[in-house]
Protein chains: 2
Amino acid sequence: MTEATPEDRSEGELTRYCPLTGVAGTLSGKYAMQLVCVVGALEPVRFGAIEERLAAASTSTLSARLDELVAERLLTRTQYDEIPPRVEYELTEDGRELCERLEPVLAWAEEREAGSGRT
Amino acid sequence: MTEATPEDRSEGELTRYCPLTGVAGTLSGKYAMQLVCVVGALEPVRFGAIEERLAAASTSTLSARLDELVAERLLTRTQYDEIPPRVEYELTEDGRELCERLEPVLAWAEEREAGSGRT
DNA sequence: TAATCATACTGTGGAGTCTGAAACACCGAA
DNA sequence: TTCGGTGTTTCAGACTCCACAGTATGATTA
């Protein structure tokens, strides 16, 4: 019960980052963050187009991740009963909000990769 | 070679999100994002303090994640040869940049968890 | 007619990675 | 001698990912 160090670090917030539920957990999946941004950039976008951009991911992984994101209501899946089948993904409003916040992170990460002067 | 659909989506960017190297990969680890922000908020911070904030993660996971982040040069580890041992983690400049971009994401995610009106 | 194509997945097996509980190492203090 | 406080490492089990093949439908082609 040593609650003697609340660390009034002025930062103020410091909310409980603990349980990693919902979005935070979903975003830990491989390609999840990229996926959100890819959809955000191309929407409405079909499965095949996503595959092209994220060529490194397997279809099953993509499919799973997509399902998770839909379950989290970050994006919507619209299926057109045509032949051949067509499915389109779009961001929900929540998804768009997330995407906006995520983009700076990814952009920074890529830039960092690029200019990673090894020495 | 059907390069007929460059999708001049005006968004302009659309950089290759493909290989998921470096930071993007590291951030996919469980608690990685939270970890960066926790260190950012409390630095310089000791291992034990991190554990308190991220109580849901095990020490080994934390340790591994910390190592990865150090390897990515997102944070520094300073070990003091005292008894009992003391180790302090701090953000590097890169880490701080990342943290700044990450915080909006996490804040939003938490907020969303909180106000997840089920209907 | 029969074979082929296009799309968006789904299923399988195995390889690989990650996880948490507990044990470990250290040495001063009691 | 036993204890206490730190941070790291071990280990077996759980989980995730990948490559690849297969499913379904109907238009198109030979």
Side-chain angles (χ1 to χ4, degrees), chain A residues 1-2 4-5 17-21 24-35 38-39 42-71 75-90, chain B residues 1-2 4-5 17-22 24-35 38-39 42-72 75-90:
Chain A
M1 304 265 187
T2 49
T5 31
Y17 292 115
C18 289
L20 200 49
T21 51
T26 304
L27 286 184
S28 295
K30 210 169 178 184
Y31 304 106
M33 298 187 279
Q34 285 79 2
L35 202 39
V38 166
V39 173
L42 276 59
E43 71 179 337
V45 61
R46 303 177 58 172
F47 190 89
I50 296 175
E51 270 193 298
E52 282 175 27
R53 308 287 157 172
L54 286 156
S58 68
T59 61
S60 36
T61 300
L62 240 36
S63 189
R65 210 63 51 203
L66 245 9
D67 284 351
E68 290 167 15
L69 292 173
V70 169
L75 40 84
T76 60
R77 198 191 102 115
T78 310
Q79 178 170 352
Y80 298 89
D81 288 328
E82 307 170 353
I83 294 296
R86 182 160 62 101
V87 175
E88 287 185 348
Y89 294 91
E90 286 181 84
Chain B
M1 302 266 193
T2 49
T5 32
Y17 291 115
C18 290
L20 199 51
T21 51
T26 304
L27 286 184
S28 294
K30 211 169 178 183
Y31 303 106
M33 297 188 280
Q34 284 79 1
L35 203 38
V38 166
V39 174
L42 276 61
E43 68 179 342
V45 62
R46 301 179 58 175
F47 190 88
I50 296 175
E51 268 192 300
E52 282 175 29
R53 309 287 159 172
L54 285 155
S58 69
T59 60
S60 55
T61 301
L62 242 36
S63 191
R65 210 62 56 213
L66 247 9
D67 283 352
E68 291 167 16
L69 293 173
V70 169
E72 272 293 335
L75 39 85
T76 60
R77 197 190 103 114
T78 311
Q79 178 169 354
Y80 298 90
D81 288 327
E82 308 168 353
I83 294 296
R86 181 160 62 99
V87 176
E88 285 185 348
Y89 292 93
E90 285 181 85

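Naming convention: chains lettered A, B, ... in sequence-line order (proteins, then strands); numbering from 1 in each chain.
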Between [N] atom [atom2] and [X] atom [atom1], what is the distance in whole Å?
X	N	atom1	atom2	answer
Leu66(B)	dG20(C)	CG	P	14 Å
Glu82(B)	dG4(D)	CD	P	22 Å
Tyr80(A)	dT7(C)	OH	P	16 Å
Glu68(A)	dT16(D)	CD	C1'	10 Å
Glu52(B)	dG5(D)	CD	P	13 Å
Arg86(B)	dG5(D)	CZ	P	17 Å
Leu54(A)	dC18(D)	CG	C1'	15 Å
Asp81(B)	dT6(D)	CG	P	17 Å

Axial cation check for Tyr31(A) ring with Arg65(A), 6.0 Å and 45° limits: no
Under 4.0 Å, heavy atoms only, any strand: does Phe47(B) hit a base, just the sugar-phosphate, or nothing? base
Report the residue (Thr61(B) or Gly48(A)) whose heavy-atom-nearest nucleotide on DNA chain C is the more 5′ of the two. Gly48(A)
DNA chain C: 5'-proximal contact among Ile83(A) and Ser63(A) (nearest heavy atom):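 That would be Ile83(A).
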Look at the side-chain N and O atoms of Lys30(B) and state whether any lies under 4.0 Å from the OP1 or OP2 oxygen of dT16(D).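 No, outside the criterion.
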Could you tell me whether the phosphate oxygens of dG7(D), OP1 or OP2, come under 4.0 Å of any side-chain nitrogen or oxygen in Arg46(B)?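 For dG7(D), OP1 or OP2 has a side-chain N or O of Arg46(B) closer than 4.0 Å.
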Starting from the 5' end of DNA chain D, give me the residue, Val87(B) or Pro85(A), whose nearest nucleotide shows up first.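 On the 5' side of the pair lies Val87(B).
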5'-most by nearest nucleotide on DNA chain D - Gly29(A) or Thr59(A):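 Going by which nucleotide is closer to the 5' end, it is Gly29(A).
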Go through the steps for Thr61(B) and Ser58(B) under the test side-chain hydrogen bond (donor to acceptor under 3.5 Å, both in side chains), then give the verdict. CA-CA 5 Å; Thr61(B) 301; Ser58(B) 69; 2.9 Å; yes
Nearest heavy-atom neighbours spanning Met33(A) and Leu27(A):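 Looks like CG-O, 3.9 Å.
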How far apart are the C-alpha atoms of Tyr80(B) and Val87(B), what are their side-chain angles, what is the distance that settles it, and do they pass the side chain to side chain contact (heavy atoms under 4.5 Å, CB included) test? CA-CA 6 Å; Tyr80(B) 298 90; Val87(B) 176; over 6 Å; no
Look up atom CD in Glu68(A) and atom CG in Leu35(A), then write down how far apart they are to the nearest 0.5 Å.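 Glu68(A) atom CD to Leu35(A) atom CG measures 10.0 Å (nearest 0.5 Å).
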Would you indicate which nucleotide in dG7(D), dT7(C), dG20(C) comes nearest to any side-chain atom of Pro84(A)?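 For the Pro84(A) side chain, the nearest candidate turns out to be dT7(C).
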